[in-house]
Colleague: 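The structure is given below, and queries will be raised subsequently.
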Amino acid sequence: MTHETCEVRLVASTSNWIEGAAVQQLEKTATLPGMRLAVGLPDLHPGKGSPIGAAFFAEGCLYPALVGNDIGCGIGLWQTGLSARNRKLETWANRLRGLDRPWDGGSAQFLATRGIAPGPQDHALGTIGGGNHFAELQQIENVAHPAACEELGLQPGALYLCVHSGSRGLGEAILREHVDRHGFGGLPEGSAEAAAYLARHDQARHWASANREVIAVRILECLRTEGTRLLDLSHNWVERVDLAGTSGWLHRKGAAPSTQGPVVIPGSRGAFTYLVRPLPPSAKSGYSLAHGAGRKWSRSDSRGRLEKRFTARDLTRTELGSQVICEDKELLYEEAPQAYKNINVVIQDLVDAELAEVLAILRPVITYKVRR
DNA sequence: ATGTCC
């Protein structure tokens with residue numbers, strides 16, 4: 001890899017619309033000291049300063065602000081004991097209650113079993129949170145690669161649970177405390193500041209994964225069934241990697257790893273979710289894949305455009321026949337399927353770039369966002 | 001994204 005320069009790559013075809021501001025953010029972030037590779041994935045869209053849907057590899061230092069506040073945010077997939085063949089939409093939707101209240105299952109004990117020390121944010125363990133976070137019941141629409149799906153334990157007739165959530169107040173507190181003390185700059189590799197941040201970052205990653213587990217436990221309990229976790233991957237984190245012969249820090253901001261087996265890439269809440277398998281990970285992609293469809297409209301634009309055309313009630317049913325439980329009207333508009341890009345285009349770009357192959361497609365049945 | 005800015 002060339003030293004002192006940063007390669008900027010955008011994995012997107014001409015049929016994939018990418019907002020200009022997002023590309024500008026990608027190029028701007030690429031000028032940070034130490035930056036060697038900046039990869040925009042097909043779901044690239046503007047973030048706060050730096051873009052979302054991107055991977056950044058830096059030599060000699062790491063940037064906590066690039067990981068952002070939701071350290072460890074990611075997606076888990078569970079197979080439930082329920083059959084999707086006799087869908088009980090109303091019954092299941094009715095049973096999804098109490099999920100926004102604190103979990104009474106013993107957070108400290110649960111975290112201890114996962115090797116995580118207790119902390120002041122543990123009351124939020126098992127809650128989904130806001131923004132683009134969700135828990136979704138899904139069924140298999142199509143199996144593209146039977147052998148790989150069988151290997152994963154996928155059963156065509158089963159109901160699945162996809163959980164997208166993160167470290168809630170914990171990651172937020174870690175980033176805020178860090179920025180208050182050290183600002184937005186890079187932390188030199190090997191420094192005490194870097195070690196301190198990384199320790200807390202790792203704790204938040206584990207906490208976020210445990211959070212997704214507890215969310216699944218609570219939902220499975222609501223549905224009076226049990227489940228098995230098939231996979232769980234984060235798309236907001238930083239790790240030390242060797243990339244094209246150079247040691248450095250790979251930041252993923254809304255970018256799934258292509259180094260940890262199959263990846264779930266959800267579309268919008270009214271679109272299919274793809275289960276893909278990374279092709280042999282390539283350094284040129286920053287060992288990363290897209291993490292979703294990517295926003296097409298900002299949250300405020302989304303409200304402005306859709307409030308004129310749809311009632312809140314309209315948005316609780318999707319084109320795919322799924323039901324959306326979201327008792328926060330603003331959030332319903334902000335997270336409407338229309339606000340997101342076409343997931344098919346994003347996936348096609350990954351396939352065309354030879355970064356991934358499709359294993360299966362999942363159809364949304366019920367999406368849970370928030371219920372008062 | 002965030003016990004979310006009022």
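Side-chain atoms are counted along with the backbone in the values below, which use heavy atoms only and exclude waters and symmetry mates. Chain identifiers are assigned alphabetically (A, B, ...) following the order of the sequence lines, protein sequences preceding nucleic acid strands; residue numbering begins at 1 within each chain.
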Colleague: Would one find more than 12 heavy atoms of other residues, nucleotides or ligands at under 6.0 Å from atom CZ of A:Phe310?
Modeller: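 Yes, because the 6.0 Å sphere around CZ of A:Phe310 holds more than 12 heavy atoms from other groups.
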Colleague: Whether A:Glu239 and A:Arg252 form a salt bridge (side-chain N of Lys/Arg under 4.0 Å from carboxylate O of Asp/Glu) is what I want to check.
Modeller: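 Answer for the salt bridge query: yes.
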Colleague: Short of 4.0 Å, heavy atom to strand atom, which residues of residues 165-176 of chain A count as contacting DNA chain B?
Modeller: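 Hits under 4.0 Å, by residue number: A:Arg168, A:Gly169, A:Glu172.
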Colleague: Can you list the residues that meet the ring-ring contact (aromatic ring centres under 6.0 Å, His included) rule with A:His145, with sequence neighbours excluded?
Modeller: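 With neighbours one apart ignored, the set is empty.
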Colleague: Not counting sequence neighbours, which residues clear ring-ring contact (aromatic ring centres under 6.0 Å, His included) with A:Trp297? List them please.
Modeller: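 Per chain and number, A:Trp297 pairs via ring-ring contact (aromatic ring centres under 6.0 Å, His included) with no residue.
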Colleague: Please classify the nucleic acid contact of A:His133 as base, sugar-phosphate, or nothing, using heavy-atom distances under 4.0 Å.
Modeller: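 The answer is sugar-phosphate, as A:His133 gets under 4.0 Å only of primed atoms, P, OP1 or OP2.
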Colleague: Considering residues at least two apart in sequence or located in another chain, which fulfil the ring-ring contact (aromatic ring centres under 6.0 Å, His included) criterion with A:Tyr333?
Modeller: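 For A:Tyr333 there are no ring-ring contact (aromatic ring centres under 6.0 Å, His included) partners, ignoring immediate neighbours.
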Colleague: Does the distance from a Lys or Arg side-chain N to an Asp or Glu carboxylate O, for A:Lys369 and A:Glu136, drop under 4.0 Å?
Modeller: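 Answer for the salt bridge query: no.
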Colleague: Could you write out each protein N or O paired with an N or O of nucleotides 4-6 of chain B at a distance under 3.5 Å?
Modeller:
none

Colleague: Report the residues that fulfil side-chain hydrogen bond (donor to acceptor under 3.5 Å, both in side chains) with A:Ser15, sequence neighbours left out, ordered by chain and then residue number.
Modeller: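 Residues passing side-chain hydrogen bond (donor to acceptor under 3.5 Å, both in side chains) with A:Ser15: A:Ser13.
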Colleague: Do A:Glu19 and A:Lys296 meet the salt-bridge criterion of a basic N to acidic O distance under 4.0 Å?
Modeller: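 Looking at A:Glu19 together with A:Lys296, the answer is no, because their closest N to O distance does not fall below 4.0 Å.
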Colleague: Rounding to a whole Å, what distance do you find between A:Asp70:CG and B:dT2:P?
Modeller: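 My rounded result for the distance is 6 Å.
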